[in-house]
Novice: 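One structure follows; several queries about it will come next.
Convention: sequence-line order gives letters A, B, ...; per-chain numbering from 1. Values below: every heavy atom of this structure, side chains too, minus hydrogens, waters and symmetry copies.
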There are 2 protein chains.
Amino acid sequence: MSRKVGGEKKQRYMQPSLLMALREGPNYGYPLISAIGEYGFLSGDAPPGMVYRHLRQMDEEGLVTSTWDAEGDGPAKRVYSITPEGEEVLGMWIEHMEQQRDRLDAFIARYRKG
Amino acid sequence: MSRKVGGEKKQRYMQPSLLMALREGPNYGYPLISAIGEYGFLSGDAPPGMVYRHLRQMDEEGLVTSTWDAEGDGPAKRVYSITPEGEEVLGMWIEHMEQQRDRLDAFIARYRKG
DNA sequence: TGACTATATGTGCTTAGTGGATATATAAAC
DNA sequence: GTTTATATATCCACTAAGCACATATAGTCA
């Protein structure tokens with residue numbers, strides 16, 4: 001039957017993943033797609049559309065800034081950098097994720113005990 | 001500004017929470033609403049509509065069974081019980097939640113190191 | 001030179017699930 | 001017999017995910 005446990009509406013942590021990846025240095029869309037895959041919250045690569053949508057939105061919100069880089073082959077790259085506000089939001093995400101980890105731990109412990 | 005970190009689409013773990021609560025004994029909608037609030041995945045109580053929807057769906061899927069209890073005051077209660085299949089699915093949820101906890105741990109560790 | 005490919009970014013559309021309001025039903029209280 | 005409390009269920013608007021597709025640029029190569 002292969003049930004889709006963990007389904008519901010998956011928590012993919014796209015925003016904190018992108019901010020985390022950008023904390024390691026400015027970067028653009030394509031490399032970010034594979035970078036955030038390493039955090040394990042997605043199965044495989046994120047759909048490009050979602051990544052770009054998140055980046056644009058974070059740009060509008062001031063969490064990242066972007067500049068065009070026309071160097072190199074192919075079309076220009078929109079290179080994103082994390083802002084101080086973005087760092088702050090990432091910190092809030094970390095707090096939130098710690099709480100979620102603790103809740104999961106408690107839930108699992110309760111299951112094992114019962 | 002009060003950003004809605006952890007927003008996106010919250011992982012509420014409604015299904016495993018309900019199964020967990022039912023593992024402690026048969027129960028019906030209203031008490032379940034407050035029972036699953038204790039696991040901490042929701043802020044406050046779950047909206048009744050959502051709880052009933054999940055229960056009905058799990059009933060259709062065979063994860064729980066229901067019988068009417070007309071005893072006591074007020075309208076009859078639809079009392080749910082977890083089935084062996086429901087226990088199995090809860091076990092799968094636990095595995096999934098352990099993985100998620102580990103991913104969160106790794107992400108947080110990476111943040112602290114960097 | 002012009003079709004093809006690779007790289008890169010961006011938009012549109014469908015669907016699923018949430019959240020909240022509201023509807024239905026029963027029985028006790030007064 | 002109207003109100004209140006308990007209990008279950010449905011309806012609808014909104015949002016975000018998921019995926020397919022559109023746009024753009026510059027090399028490759030016949």
Side-chain angles (χ1 to χ4, degrees), chain A residues 3-18 21-22 26-37 41-61 64-81 93, chain B residues 3-18 21-22 26-37 41-61 64-81 93:
Chain A
R3 286 187 181 282
K4 44 185 181 320
V5 166
E8 286 190 329
K9 206 70 177 191
K10 272 182 225 163
Q11 185 88 322
R12 335 193 84 69
Y13 295 111
M14 290 276 289
Q15 186 172 296
S17 294
L18 287 169
L22 287 176
N27 214 340
Y28 63 98
Y30 251 58
L32 286 172
I33 289 174
S34 39
I36 66 174
F41 296 115
L42 307 120
S43 50
D45 278 349
M50 278 189 60
V51 171
Y52 287 114
R53 220 183 296 142
H54 270 91
L55 287 169
R56 290 294 290 271
Q57 201 194 331
M58 290 198 290
D59 201 343
E60 281 165 29
E61 291 172 356
V64 299
T65 52
S66 63
T67 53
W68 285 97
D69 173 17
E71 308 291 312
D73 298 351
K77 304 155 186 38
R78 189 193 275 260
V79 176
Y80 290 91
S81 305
W93 268 107
Chain B
R3 287 186 183 282
K4 44 185 179 324
V5 166
E8 286 190 330
K9 208 67 177 193
K10 272 183 226 165
Q11 185 88 322
R12 334 193 86 70
Y13 294 110
M14 290 277 289
Q15 186 172 297
S17 294
L18 287 168
L22 287 175
N27 214 340
Y28 61 98
Y30 252 59
L32 285 173
I33 289 173
S34 40
I36 66 173
F41 295 116
L42 306 120
S43 48
D45 278 349
M50 276 190 62
V51 172
Y52 288 114
R53 218 184 298 144
H54 271 91
L55 287 170
R56 290 297 289 273
Q57 201 195 331
M58 290 197 290
D59 201 343
E60 282 165 28
E61 291 174 357
V64 299
T65 52
S66 64
T67 53
W68 284 98
D69 172 17
E71 309 290 313
D73 299 349
K77 304 158 188 35
R78 188 193 276 259
V79 177
Y80 290 91
S81 305
W93 268 107

Novice: For the side chain of B:Arg53, counting heavy atoms from C-beta on, which of D:dC11, C:dT9, D:dA24 is nearest?
Specialist: D:dC11
Novice: Starting at CE of B:Met50 and ending at C1' of D:dA13, how long is that distance when rounded to a whole Å?
Specialist: 16 Å
Novice: Of A:His54, A:Glu60, A:Arg53, A:Glu61, which meets side chain to side chain donor-acceptor pair (under 3.5 Å) against A:Gln57?
Specialist: A:Glu61
Novice: Distance check needed: D:dA7 P versus B:Asp73 CG, whole Å only.
Specialist: 9 Å
Novice: Looking only at non-hydrogen atoms, find the nearest pair between A:Val51 and A:Gly29 and report the distance.
Specialist: CG1-O, 4.5 Å
Novice: NE2 of B:His54 versus C1' of D:dT8: gap in Å, rounded?
Specialist: 17 Å
Novice: Starting at CD of B:Gln57 and ending at C1' of D:dA9, how long is that distance when rounded to a whole Å?
Specialist: 15 Å
Novice: If only side-chain N and O atoms of B:Arg12 are considered, is one of them under 4.0 Å from the OP1 or OP2 phosphate oxygen of C:dG17?
Specialist: no
Novice: Whole-Å distance between D:dT8 C1' and B:Ile33 CD1?
Specialist: 10 Å
Novice: Picking from D:dA24, C:dG19, D:dA7, which would you name as closest to the side chain of A:Pro75?
Specialist: D:dA24
Novice: What's the shortest heavy-atom distance between A:Leu55 and A:Val64, and which atoms?
Specialist: O-CG2, 3.9 Å
Novice: Can you list the steps and then say if A:Arg78 with A:Arg56 is a side-chain contact (heavy atoms from CB on, under 4.5 Å)?
Specialist: CA-CA 10 Å; A:Arg78 189 193 275 260; A:Arg56 290 294 290 271; 4.1 Å; yes
Novice: Tell me the interatomic distance from A:Glu71, atom CD, to C:dA8, atom C1', rounded to whole angstroms.
Specialist: 16 Å
Novice: May I have the distance from B:Leu55 (atom CG) to C:dG17 (atom P), rounded to whole angstrom?
Specialist: 16 Å
Novice: The side chain of A:Arg56 lies closest to which of these nucleotides: C:dT11, C:dG19, D:dT8?
Specialist: C:dT11
Novice: Does B:Tyr28 have a side-chain nitrogen or oxygen under 4.0 Å from the phosphate oxygens OP1 or OP2 of D:dT8?
Specialist: no
Novice: Can you find a side chain N or O atom of B:Tyr52 that sits less than 4.0 Å from OP1 or OP2 on D:dT10?
Specialist: no
Novice: Between A:Gln15 (CD) and D:dA16 (P), how many Å, whole number?
Specialist: 11 Å
Novice: Quick one: on DNA chain C, does A:Gly49 or A:Lys77 contact a more 5' nucleotide (nearest heavy atom)?
Specialist: A:Lys77
